[in-house]
Amino acid sequence: MNKDTRFYSYNTMQDYAKAVTGLGLTYSSASTLGINQWGYDETLRAFKINKDNTVTGYLSFDLGYLEVGDTIEVAAEIMYISGSNRGTIAVDRFDGGAIGSGSKTTYSTQAKADSGFQLTEFSLVASKDGYYRATVGLWGSMMGQIYIRNPRCTVKTIVKGTDSNVRKGMFRKMTADGKFTRRPEFGGDDCTVTVNNATDIVITWDRPMKGLRPIALVSNEFYVTGNKYTPMISYSQLGSVVVRFYPINNDTPVKVADIPNETHFSVYCEN
């Protein structure tokens with residue numbers, strides 16, 4: 001059994017500033033933090049936070065879509081300063097179509113109670129397919145002041161056969177029924193093609209990709225359409241991507257029914 005490994009971490013003040021965006025915390029350069037403030041200790045090279053129960057105070061790693069048997073290993077050095085909570089390392093699984101969507105199941109461990117920086121580690125083997133996130137710090141209901149140093153996460157995903165984090169295909173609008181389908185004589189991955197809202201060609205991969213959202217590219221062949229239309233990608237997700245065709249110098253997508261039969265385009269997604 002082969003496994004692919006991905007590593008995530010926060011190390012610099014700039015890393016932490018991005019990580020706390022939207023949490024409701026205010027940055028402070030003072031040595032003593034006020035309530036709901038965060039800072040960075042240059043000497044200790046540590047993120048520090050002081051919060052009540054009105055804001056969220058954790059650092060998160062969005063791990064994307066994982067499958068049964070994939071492993072998650074989270075670690076951080078955490079130092080308790082004051083308050084009713086010492087800090088938590090947790091892994092969340094979401095059963096919807098994205099992180100934060102659908103029902104959530106949480107697995108967690110508390111930071112150690114000893115003084116000074118204590119290495120806290122937590123590992124989990126995925127028992128169900130879904131979208132996963134790891135967090136280090138204080139949940140919304142928790143109150144306290146802690147320091148966090150070297151938060152990191154390693155994900156080992158099972159590679160099945162020749163599977164990779166690439167999905168691709170060549171697609172053609174068939175003359176027989178006017179529907180787009182993947183051309184099996186070209187290299188590509190199994191998928192289904194549907195149409196939404198008259199203009200959106202939705203390609204759904206049989207096997208969703210793992211990890212973060214992919215970079216998606218689309219191109220079309222000159223055959224039939226010439227330079228009349230330009231295909232463009234929208235809403236690239238781990239499990240699907242949307243393609244629309246636009247007339248030259250026009251920002252209104254053309255209806256799929258009006259695209260000439262035998263139009264070809266290819267899609268390439270990678271993360």
If we ignore hydrogens and angles and just use 3.5 Å, is the side chain of [X] paired with the main-chain N or O of [Y] as donor and acceptor?
X	Y	value
D62	R133	no
D41	T43	yes
K112	L119	yes
K51	M142	yes
T105	R93	no
R6	L63	yes
R86	A113	yes
S240	Q237	no
D200	V202	no

Using the side-chain contact (heavy atoms from CB on, under 4.5 Å) rule, take N165 and E270 through it: C-alpha gap first, then chi angles, then the decisive distance, then the call. CA-CA 6 Å; N165 270 14; E270 180 177 358; 5.6 Å; no
Answer whether the closest heavy-atom distance between the side chains of [X] and [Y] falls below 4.5 Å.
X	Y	answer
N50	Q37	no
T181	V193	no
Y229	D258	no
R244	M232	no
C269	M209	yes
R167	R207	yes

Check against side-chain contact (heavy atoms from CB on, under 4.5 Å), F245 and I201: CA-CA 9 Å; F245 277 78; I201 303 168; 4.0 Å; yes
For K128, check salt bridge (charged side-chain N to carboxylate O under 4.0 Å, His left out) against everything at least two apart and list the hits. D95
Which atom of [X] lies closest to which atom of [Y], heavy atoms considered:
X	Y	value
K48	S31	NZ-O, 3.3 Å
F171	C191	CE2-SG, 3.7 Å
S108	T88	CB-CG2, 3.8 Å
L138	G144	CD1-O, 3.6 Å
N150	Y16	N-OH, 4.0 Å
A75	E121	CB-CG, 3.9 Å

May I ask you to decide whether K173 forms a salt bridge with E262, counting only side-chain N to carboxylate O separations under 4.0 Å? no
Is it true that R182 and D190 have a side-chain N and a carboxylate O under 4.0 angstrom from each other?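 Yes, R182 and D190 are salt-bridged.
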Please round to the nearest 0.5 Å and tell me the distance separating atom [atom1] of [X] and atom [atom2] of [Y].
X	Y	atom1	atom2	result
Y80	D114	OH	CG	13.5 Å
N11	R152	CG	CZ	9.5 Å
I78	R149	CD1	CZ	11.5 Å

Distance only, no hydrogens: is a donor on one side chain within 3.5 Å (strictly under) of an acceptor on the other, for E67 and T157?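 Checked: E67/T157 side chains show no N/O donor-acceptor pair below 3.5 Å.
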Between D92 and T106, does any side-chain donor sit less than 3.5 Å from a side-chain acceptor? yes
Show me the pairs that pass ring-ring contact (aromatic ring centres under 6.0 Å, His included) and involve residues 178-201, at least two apart or across chains.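 Those involving residues 178-201 are F180-F265.
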Tell me whether the count of non-hydrogen atoms from other residues, nucleotides or ligands lying under 6.0 Å of [atom1] in [X] goes above 12.
X	atom1	value
Y27	OH	yes
I35	CD1	yes
R45	CZ	no

Verify the ring-centre separation between Y10 and F61: is it less than 6.0 angstrom?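 Between Y10 and F61, which both carry aromatic rings, the centre distance is below 6.0 Å.
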Any chain of hydrophobic side-chain contacts (each under 4.5 Å) joining [X] to [Y]?
X	Y	result
V55	L59	yes
Y65	Y107	no
L23	W139	yes
V254	V195	yes
I259	I203	yes

State which residues pass side-chain hydrogen bond (donor to acceptor under 3.5 Å, both in side chains) with D15; sequence neighbours excluded, sorted by chain then number.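 D15: side-chain hydrogen bond (donor to acceptor under 3.5 Å, both in side chains) contacts with T12.
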Yes or no on side-chain contact (heavy atoms from CB on, under 4.5 Å) for C153 and I72, after CA distance, side-chain angles and deciding distance? CA-CA 7 Å; C153 180; I72 304 166; 3.8 Å; yes
Derivation and outcome, side-chain contact (heavy atoms from CB on, under 4.5 Å), residues D189 and D206: CA-CA 8 Å; D189 297 280; D206 287 6; over 6 Å; no
Please work out whether the ring planes of F117 and Y147 are parallel, tilted or perpendicular, with thresholds of 30° and 60°.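 Perpendicular: the ring planes of F117 and Y147 meet at over 60°.
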